[in-house]
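Okay, so here's the structure we're looking at.
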Amino acid sequence: MGMLDDVKVLDFCTNAAGPVASAEMADYGAQVIKIESMGGGPERTYVPILEGKSLTHAWVNRGKKSITLNLKDPRGVEIVKKLAKDADVLVESNRPGVMDRLGLGYKDLKEINPKLIYCSLTAFGQTGPYAQNPGFDMMGQALSGMMSITGEKGGKPLKHGIALADYFGGFNAFAAVMTALHYQRRTGKGQYIDVSLIQGMIHLNSTIDRLNDGVLCQPNGNHHSGLCPFGCFNTDKGESVIICAPSAKAWETVAAAMERPDFLTDPEYNTINARVKNMDKIIEEIEAWLSSFPSLKEACERMSQCHMPYCMVNNDQQVVEDPQVKHMGYIVQAPTADDIKQPTYQTRGCNAFFSEAPGEIRKAATLGQHNHEVLKELGYGPEEIDQMMEEFRQTLKK
């Protein structure tokens, strides 16, 4: 039994952010009905591709039921309203005003179901000068200031290596819906939720707080601008390791490993402020010490002996092979959709472990796979469903 198996969710999202939010709900048992266009969302075409099918779709739409509707047809709108009568949650990622124009906005559906939690996830928010602009992940990263502090020291802005705004936006929406769901269960009241990619990125951008002490943060490469040593250190052999020693106790382990007792007494080293001020010098000394070993392996053995806080810089393949990752089961074999012959694919597991009701990564649906199942429950007959779907398709071709 899943923790959310009594929760019904309607999903009107495409791409990554919105689908991630409802997929998290599906992992814990929610019945998620994804309403798709007759051609399906763009995420069904994104790499990686297995047997001609998108594994991005398999991930962001896992565990959901798929029905196809033409929402410009009154019958499609009628079906959504019937589904909304007993839904707990609706998540949509259209531009502001789109759902209202379809007659499916929060005010419309609140009249049908006052308990409905209606979550809109956009790039910039529901109102304001950017609200109607097309928006994507990198825009959230850029406008939030995140790109301005990411990059080599003195270099140009750099985006994060993954679609950070999209994926965090999805988790942010998931958290917001779960909070509203708790309130709904206590009070019987639904509500409207406005979540945006830029809001999520600003929430993550802790350097904005430095403006309070007059500091405008700039890119600082692979090292923390306010802690030292705290970053990625390289050897002359092209190897890299993370060393994080922000506290006095951790700094003592660095001094012990490097056999530098002066680190604990020299005023250039013995306080965090002094180390930040002399960051370039400390980085140079640590990298020279690491390079003095035959390989990084020997240096890591020494750091382990002295209980230095360090770790390797894994590439994707090394993540899969990492002993801690294997031990915890963070990477799993998930079932593929019914239109793929290969039974499983390698992917990420659930976002957390629960002792009583663990989540499960389930298969994504083929396009319109659950048309008959879902619409039958609303009172539509098999022939009526087939005819309506054909008419929807024909309308879209015009």
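One is the number of the first residue; the rest follow in order along the sequence.
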Asp338 versus Gln369, side-chain donor and acceptor atoms under 3.5 Å: yes
List the atom of Gly40, the atom of Leu367, and the distance in Å for their closest heavy-atom pair. CA-CD1, 3.7 Å
Establish, from distance only, whether the side-chain atoms of Tyr269 and Glu285 form a donor-acceptor pair under 3.5 Å. yes
Do the charged groups of Lys107 and Glu111 touch, with an N to O distance under 4.0 Å? no
How about NZ on Lys110, more than 12 heavy atoms from neighbouring residues, nucleotides or ligands closer than 6.0 Å, or not? no
Do Glu390 and Gln394 have side-chain N/O donor and acceptor atoms under 3.5 Å apart? yes
Under a 4.0 Å threshold between the charged nitrogen and the carboxylate oxygen, would Arg62 count as salt-bridged to Glu360? no
What I want to find out is whether Asp86 reaches Lys115 closely enough, with some N-O distance under 4.0 Å, to be called a salt bridge. no
Donor-acceptor pair, side chain of His372 and main chain of Ile385, under 3.5 angstrom: no
Might you point out which heavy atoms bring Lys64 and Ser22 nearest each other, and give the distance in Å? NZ-OG, 2.8 Å
Return the minimal non-hydrogen interatomic distance between Thr14 and Ser93, and the atom names on each side. N-OG, 3.2 Å
Does a sphere of radius 6.0 Å around CD in Glu301 hold more than 12 heavy atoms from other residues, nucleotides or ligands, not counting ones at 6.0 Å or beyond? yes
Examine distances only and state if a side-chain atom of Asp5 and a backbone atom of Gly29 form a donor-acceptor pair shorter than 3.5 Å. no
Between Asn205 and Thr207, is any side-chain donor less than 3.5 angstrom from a side-chain acceptor? yes
Residue pair Asn15, Tyr46: steps toward the side-chain hydrogen bond (donor to acceptor under 3.5 Å, both in side chains) verdict: CA-CA 9 Å; Asn15 291 305; Tyr46 294 165; 2.5 Å; yes
Please tell me whether Asn220 and Ser225 have a donor and an acceptor in their side chains that are separated by less than 3.5 angstrom. no
Going hydrophobic residue to hydrophobic residue with side-chain gaps under 4.5 angstrom, can you get from Met308 over to Met279? yes
Show your reasoning for whether side-chain contact (heavy atoms from CB on, under 4.5 Å) applies to Leu204 and Met201. CA-CA 5 Å; Leu204 286 180; Met201 288 295 91; 3.3 Å; yes
Keeping Glu298 on the side-chain end and Ser295 on the backbone end, is there a donor-acceptor pair under 3.5 Å? yes
How far apart are the C-alpha atoms of Asn351 and Tyr28, what are their side-chain angles, what is the distance that settles it, and do they pass the side-chain contact (heavy atoms from CB on, under 4.5 Å) test? CA-CA 10 Å; Asn351 71 312; Tyr28 298 105; 2.5 Å; yes
Worked check of side-chain contact (heavy atoms from CB on, under 4.5 Å) between Thr347 and Gln333: CA-CA 6 Å; Thr347 190; Gln333 288 293 325; over 6 Å; no
Leu121 reachable from Val9 in the ILVMFWY side-chain graph, under 4.5 Å edges: yes
N-O pairing of Arg275 and Asp266 below 4.0 Å: no
Gln317 and Asn315 side chains, donor-acceptor separation under 3.5 Å: no
Salt-bridge present (Lys281, Glu268; N to O < 4.0 Å): yes
Using 4.0 Å as the upper bound for N to carboxylate O, is an ion pair formed by Lys34 and Glu43? yes
Mark yes or no for whether Glu239, through its side chain, and Leu296, through its backbone, hold a donor-acceptor pair below 3.5 Å. yes
Do His327 and Asp322 have a side chain donor and acceptor closer than 3.5 Å? no
According to the interplanar angle, ranging from 0 to 90°, do the rings of Tyr106 and Tyr192 count as parallel (below 30°), tilted (30 to 60°) or perpendicular (above 60°)? tilted
Would Gln141 and Asp137 count as having a side-chain donor-acceptor pair, cut-off 3.5 Å? yes
Short N-O contact, Lys363 and Asp339, less than 4.0 angstrom: no
Kindly assign one of parallel, tilted or perpendicular to the pair Phe168 and His203, based on the angle between their ring planes and the thresholds 30° and 60°. parallel
No-hydrogen, no-angle side-chain donor-acceptor test under 3.5 Å, Ser66 and Glu36: yes
Please confirm whether Phe233 and Tyr310 have ring centers closer than 6.0 angstrom. no
Common cluster, Val215/Val276, ILVMFWY with side-chain heavy-atom separation under 4.5 Å: no
Rounded to the nearest 0.5 Å, what separation is found between the OG1 atom of Thr179 and the CZ atom of Phe174? 9.5 Å
Should Glu373 and Lys65 count as an ion pair when the cut-off is N to O under 4.0 Å? yes
